[in-house]
Amino acid sequence: MHKYPIGVFDSGFGGLSVLDALQKKLPKEDFIYIADQAFAPYGKRSAEQIMERSHTMSRWLLAKGCKLIVVACNTATTNAIQELRATYTIPFVGIEPAIKPAALGSTTAAIGVLATEGTLSSALFHSTTQDHAKNVRVITQVGHGLVELVEKGLADSQQADTLLKEALAPILVHPIDHLVLGCTHYPFLTTALKRILPSSVQIVDCSAAIARQTERLLEKHELKNKVGGNAHFFTTAPTESSLWKTFGVDLISQVEI
Ligand code: DGL
């Protein structure tokens, strides 16, 4: 029987969309969530900075006794997961834009991907696209300002509609039938996205697949909890607890790392 928690990190609120899927799938697990809000957004940072912060988050979670770490951030995964796996002995689960299922499901042979600059410029994103979307046109677009908007608690707002319309315009000139959400902050924009996207476009969010993969790894390494169900939340920046409450988090502690 294992009592150790699962660590989850992101630059901010985005990873909470992944944590939600993890808690639904694994109700007996304990979680420690850390938001690196002092360094958000990651998407505009250099590959070196993203790597350095990913190490800092991982080391802090390891010091808390985590048995497995979920990198609940596409930008950190696509820039750092290979090195994290090579450095630490515990298992890591990452999240990458779900190109493969979208490409497989496309009947128009065109899919859109909305993600951060850091994700779209990574080598891992390019190799995944080449490997899994050979006969499908992949139209990518940086979601400028979207992470900042979610961080301000404005995911369902007029500003969100304006920014999304700008970001989606170059994608929607193509006959896409899937839009891949390549950033864990973007599922919080689903209501606004549905106002803008044609109903023929399916929104692809892979949080549930990440939760299934986490369960598989826990089973493989015999790390599953029999009892538990707690979650503790930390952030690296001064923050408004009222904003966290809108994301369903009642207690948040600040740490300086
Ligand atoms: N939520 C993250 C992602 O999935 C990072 C967003 C950011 O900080 O730019 O990419």
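Remember, it's 1-based here, ligands and their atoms both numbered in the order they're listed.
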Is it true that atom [atom1] of [X] has more than 12 heavy atoms of other residues, nucleotides or ligands lying nearer than 6.0 Å?
{"X": "Gln254", "atom1": "CD", "value": "yes"}
{"X": "His232", "atom1": "NE2", "value": "no"}
{"X": "Asn230", "atom1": "CG", "value": "yes"}

Among all protein heavy atoms, pick the one closest to atom 10 (O) of ligand 1 and tell me residue, atom and distance. Thr75 OG1, 2.6 Å
Let me see the working for Trp60 and Phe234 under ring-ring contact (aromatic ring centres under 6.0 Å, His included), right down to the final yes or no. CA-CA 11 Å; Trp60 185 83; Phe234 299 86; 5.0 Å; yes
Quick one: do Lys224 and Glu219 make a salt bridge, cutoff under 4.0 Å? yes
Quick test of your reading of the model: are Lys165 and Asp161 salt-bridged, counting only N-O distances below 4.0 Å?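 Salt bridge: no.
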Proximal atoms of ligand 1 relative to [X] (non-hydrogen, under 4.0 Å):
{"X": "Gly43", "result": "7 (C), 8 (O), 9 (O)"}
{"X": "Thr116", "result": "6 (C), 9 (O), 10 (O)"}
{"X": "Ser11", "result": "5 (C), 6 (C), 7 (C), 8 (O)"}

If I apply the N/O under 3.5 Å rule, does [X] come out as touching ligand 1?
{"X": "Thr184", "result": "yes"}
{"X": "Pro41", "result": "no"}
{"X": "Tyr42", "result": "yes"}
{"X": "Asp10", "result": "yes"}

Aromatic plane relationship, Tyr33 with Phe233 - under 30° parallel, 30 to 60° tilted, over 60° perpendicular: tilted
Judged on heavy-atom distance to atom 5 (C) of ligand 1, which of Ala40, Ala72, Cys73 sits nearest?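 It is Cys73 whose heavy atom sits nearest to atom 5 (C) of ligand 1.
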